[in-house]
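All values below come from the heavy atoms of this structure, side chains included, with hydrogens, waters and symmetry mates left out.
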Amino acid sequence: LRQFLEYATATGTPAQSTTYTDWVRTEKAAGRRHPNLASAQKHFVLWNSALRAARKGSANVTSPEFFLYSPQWEVDARAQLLEGDFTLLAGSRIVTNWRPGTDPESDARKRYLEKRAELVSSRAIVDSSDGSIVTRNVTFDSSSAALLIVLGRPGVGRNEWVDEGGQSFGEWDDTVVDLEDTDSTE
């Protein structure tokens with residue numbers, strides 16, 4: 001729980017910190033001296049859902065393209081925030097298998113195998129002797145969910161997807177959220 005909360009607090013925007021503070025206050029008011037992991041995860045999942053819904057309402061925001069590139073794993077992927085959804089773009093080259101050295105029993109691996117099977121079945125991913133290619137745009141709940149499919153391992157998509165200038169998706173997203181907050185107060 002401590003690791004989860006430290007990560008959530010360290011990566012949070014000012015709005016998320018306020019939400020985090022409200023959550024802690026609610027937990028204490030309910031008599032829970034030490035919040036449990038399930039409560040923390042539920043809170044932050046609800047927060048991320050609200051943030052996605054707010055993004056969908058911002059149809060005028062178009063993101064730059066973000067990239068994941070790894071010659072070692074033959075990955076060359078592009079993604080963009082389209083209509084509020086993090087979208088892996090057609091033509092992206094992704095890994096063909098779960099990454100060696102990553103825990104084979106993890107929940108992330110199970111999510112990877114399920115999602116990849118679904119995408120292969122629908123022909124959104126086509127495997128060939130040259131690797132795996134994304135044949136159509138595919139939307140994900142988060143940049144980290146897309147990263148899982150692209151790299152075959154878990155990671156923090158907000159940090160690993162970068163634009164041409166090297167700015168991470170998370171940095172760009174925080175800037176857009178800050179601008180939208182400024183616009184709404186004018």
Side-chain angles (χ1 to χ4, degrees), residues 1-21 23 35 37-56 61 63-82 84-89 92-95 97-116 119 132 134 137-178 180:
L1 175 63
R2 178 174 288 149
Q3 263 183 329
F4 178 83
L5 294 177
E6 286 172 358
Y7 171 76
T9 303
T11 59
T13 63
Q16 287 170 316
S17 297
T18 301
T19 304
Y20 170 77
T21 304
W23 170 74
L37 181 59
S39 175
Q41 288 175 326
K42 179 181 176 187
H43 170 80
F44 285 99
V45 165
L46 292 173
W47 168 253
N48 286 332
S49 296
L51 189 57
R52 274 196 303 278
R55 281 193 197 121
K56 284 185 183 277
V61 175
S63 82
E65 283 190 9
F66 294 93
F67 305 91
L68 275 176
Y69 178 70
S70 173
Q72 175 186 6
W73 299 103
E74 298 179 359
V75 167
D76 190 2
R78 300 173 304 118
Q80 194 170 15
L81 191 65
L82 300 174
D85 292 317
F86 196 83
T87 305
L88 181 61
L89 301 177
S92 293
R93 180 176 301 279
I94 65 175
V95 297
N97 294 305
W98 181 250
R99 190 96 141 245
T102 309
D103 181 6
E105 299 303 317
S106 70
D107 287 340
R109 181 173 187 267
K110 292 172 187 158
R111 286 192 309 273
Y112 168 82
L113 292 172
E114 288 171 7
K115 184 67 174 179
R116 192 171 204 297
L119 294 172
S132 297
V134 177
N137 290 354
V138 179
T139 61
F140 289 88
D141 289 339
S142 69
S143 55
S144 295
L147 178 140
L148 180 69
I149 294 299
V150 170
L151 294 179
R153 65 158 175 82
V156 181
R158 289 179 55 83
N159 298 339
E160 295 192 51
W161 288 98
V162 295
D163 67 13
E164 288 180 327
Q167 181 181 39
S168 72
F169 172 69
E171 292 167 335
W172 175 85
D173 191 41
D174 289 346
T175 302
V176 171
V177 170
D178 289 346
E180 288 175 348

Looking only at heavy atoms, which two atoms of I149 and L119 are closest? And how far apart?
CG2-CD1, 4.2 Å

Might you point out which heavy atoms bring S144 and G155 nearest each other, and give the distance in Å?
OG-O, 3.3 Å

Knowing that exactly one of F66, F67, F86, Y69 qualifies, which makes a ring-ring contact (aromatic ring centres under 6.0 Å, His included) with W161?
F86

Residue pairs meeting salt bridge (Lys or Arg N to Asp or Glu O under 4.0 Å), one or both in residues 161-172, sequence neighbours left out, come to none

For S132, what residues pass the side-chain hydrogen bond (donor to acceptor under 3.5 Å, both in side chains) criterion, not counting sequence neighbours?
R116, D127

Minimum side-chain heavy-atom gap L82-L89 below 4.5 Å
yes

Heavy-atom pair of closest approach, residues L68 and V75:
O-CG1, 3.7 Å

Would you name the heavy atoms of V95 and Y112 that are closest together and state the gap between them?
CG2-OH, 4.1 Å

Between Q80 and P64, which heavy-atom pair has the shortest distance, and what is it?
CG-O, 3.6 Å

Can you see which heavy atom on L147 is nearest to which on G157, and at what distance?
CD1-CA, 4.1 Å

Just verifying a value: how many Å separate N97 CG and L113 CG, rounded to the nearest 0.5 Å?
9.5 Å

Would you mind listing every side-chain hydrogen bond (donor to acceptor under 3.5 Å, both in side chains) that reaches into residues 70-79, with sequence neighbours excluded?
E65-R78

Hits for side-chain contact (heavy atoms from CB on, under 4.5 Å) against A108, two or more places apart or cross-chain, chain-then-number order -> W98, S106, R111, L148, P154

Donor-acceptor pair, side chain of T87 and main chain of D85, under 3.5 angstrom:
yes

